[in-house]
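In what follows, chains carry the letters A, B, and so on, assigned in the order in which the sequence lines appear, proteins first and then strands, with residues in each chain numbered from 1. A quick note: this is a predicted structure, and the numbers were derived from the prediction, not measured.
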Protein chains: 2
Amino acid sequence: MLTDPVARTRRFHRAVTTEAGVLDASFLGRGRPLGPARVLNAIGRGITDIAEIRNYLRLDSGLMSRILRGLEDEGLITVSASESDARRRIAMLTKAGEEEFAAYEALSDKQAADIVARHPHPEVLLQAMDVVATALGFERTVIERVSPLDPRAVVCLEAYYEELGRKLKSGFDVNLSADPEACDMEHPRGAFLLAMLDGMPIGCIGLKGTDKGYAELKRLWIVPSARGMGLAQRMMTEAENEAKSLGIKCLRLDTNSVLSDAVAMYHKLGWTEIERFNEDPYPDLFFEKRI
Amino acid sequence: MLTDPVARTRRFHRAVTTEAGVLDASFLGRGRPLGPARVLNAIGRGITDIAEIRNYLRLDSGLMSRILRGLEDEGLITVSASESDARRRIAMLTKAGEEEFAAYEALSDKQAADIVARHPHPEVLLQAMDVVATALGFERTVIERVSPLDPRAVVCLEAYYEELGRKLKSGFDVNLSADPEACDMEHPRGAFLLAMLDGMPIGCIGLKGTDKGYAELKRLWIVPSARGMGLAQRMMTEAENEAKSLGIKCLRLDTNSVLSDAVAMYHKLGWTEIERFNEDPYPDLFFEKRI
DNA sequence: CAATTTATCTGACTTTAGTCAGAAAATAAT
DNA sequence: ATTATTTTCTGACTAAAGTCAGATAAATTG
């Protein structure tokens, strides 16, 4: 009973659907049926293409059409033809729509804050929720190329620096000049990849272009709640592909032997250990891979 | 973004409702609307009193009545008057109903098993789900008096013994004669209390009656995922009340200084340290409280 | 260019869910 | 014993969700 995976999962499901009922009630707190409320929120969250909303919410085209007319009549959205394909239609929030969406957001934020607040040790609960959320949706993870200055990238990098600082005996101090290598990881000189799941960044990797006949992989980091799922390998592979498409033939990386899991992975992925190729104080292991 | 409690909670909620949609689909996989399916499952899970089901599922009496007629027409249930109060009605599954319920159970079990199976480290996910489930429903926890031989009690006791074995340097070996003190914790000589949440035992405590002018509190245990929520104190208080109602005036307990959290709690709850009062090898600290 | 495909819309449905005002019968209160 | 309350049931509703067969217009294919 206490250890049976099925019993535990079903109990989790019961607990969560009870709670979800309460949370969905927040969607009903503004005198609007669930359907229109969900569509309005999808639009507010940036899914403006109607076919996409329809697919996301699994709505019949007829039903969708009527819901859109209703929201238009309320003055919350405007619908116009897509520029690239006049059959497709794009929904936009009006000013009133923005306000209504903000009101829903405020309700949801309050619900979320309440859940956390009534726990005596919020961080324990939050970490558990992170693990569950990552696990449940893991196959929806998408890897996208962004600028290393993208706020979502910055968030990952800061977490990476913080973690290195904890793990290296010497601590870790990013060069004071803010993100000195950012321009080298800007496409097409290099690249910066972000793994996104449910709107949350869960991992990153940088490809740093150089003028020395090789490129470097830098700043591979996976959020703790997503570790052990094979995401790091996927990021490495994607970064390699990115390098290939930029015509890069040789990759290098440096690391520290403290990060034993990472070192093991580099070996597994076909990297070979080489001599020190830079003067950085933190790394003590150096790898190369010809692609 | 990565640390913001509200963003993390909302992401969790999104992940879980997406998943819940899939799980609820299992309730639709047998060609029956959600309403009747939920009622059938409530009856199958042992909620037979119609008023109770109505309260549990928050259904209008008219709607409930019609759903019951529908399930009767399908030959899945029979409804009869309660013996104690002929206004109230009791629903029972027929043979066909049992089978239908079992089919729903099989679907749910399969869904649950699938979720766990596709995770590379199931125990990590399961522990996280335990923490979340406990946190979300915590205020629904009910403490009930059961026999110490109740299978749910046995499950807790085994977990307790296992944990003691890990924590005590000397290990821990329950007296080979199966649960030697069980009869002393049988009401009304003593009592055994179980904390239940969503059908899962999450903690226990035993009140052992003796003939020596005092009773003992034994086997206080809280499932790891529920620790830090103040449940142990609530169990202690309930056990004290139980003792009072049995006319007991003095309580004792023994413990080991390794269990420092427990020791701190005993002090906090007004227990006073006393001399060793038994020859057990494991405890090294002894407490008393007059009530 | 004609034929086909795609995305949306409209109208005419059905099903499911939920509400509400009594009616009937049993029980509890005075 | 009468009155009030509780529990369920029935009928007559409304609202919301979902389905389906075209119609329309834009894009794609051969």
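- Atom CG of residue A:D4 and atom OG1 of residue A:T9 lie 8.0 Å apart, to the nearest 0.5 angstrom.
- Side-chain proximity of A:R89 to C:dC9, D:dC9, C:dT16: nearest is C:dC9.
- Enclosure of atom CD in B:E83 is not indicated, since only 12 or fewer non-hydrogen atoms of other residues, nucleotides or ligands lie within 6.0 angstrom.
- For the atom pair B:L136 CG and A:H119 NE2, the distance stands at 9.0 Å (nearest 0.5 Å).
- Summarising the geometry, the separation between CD1 on B:I90 and C1' on D:dC9 is reported as 16 Å, rounded to the nearest angstrom.
- In summary, B:R69 and B:E72 engage in a salt bridge, as defined by a charged side-chain N under 4.0 Å from a carboxylate O.
- Atoms CG and CG, from A:L34 and A:N41 in turn, are 10.0 Å apart once rounded to the nearest 0.5 Å.
- Look at CD on B:E83: it is 16 Å from P on C:dA26, rounded to the nearest Å.
- For the segment residues 45-70 of chain B, residues with any heavy atom less than 4.0 angstrom from an atom of DNA chain C are, sorted by number, B:D60, B:L63, B:R66.
- Residues B:T134 and A:R11 have side chains that bring a donor and an acceptor to within less than 3.5 angstrom of each other.
- On a pure distance criterion of 3.5 Å, no polar donor-acceptor pair joins the side chain of A:R87 and the base of C:dT8.
- No hydrogens or angles were tested; on distance alone, nothing pairs the side chain of B:R88 with the base of D:dT7 as donor and acceptor under 3.5 Å.
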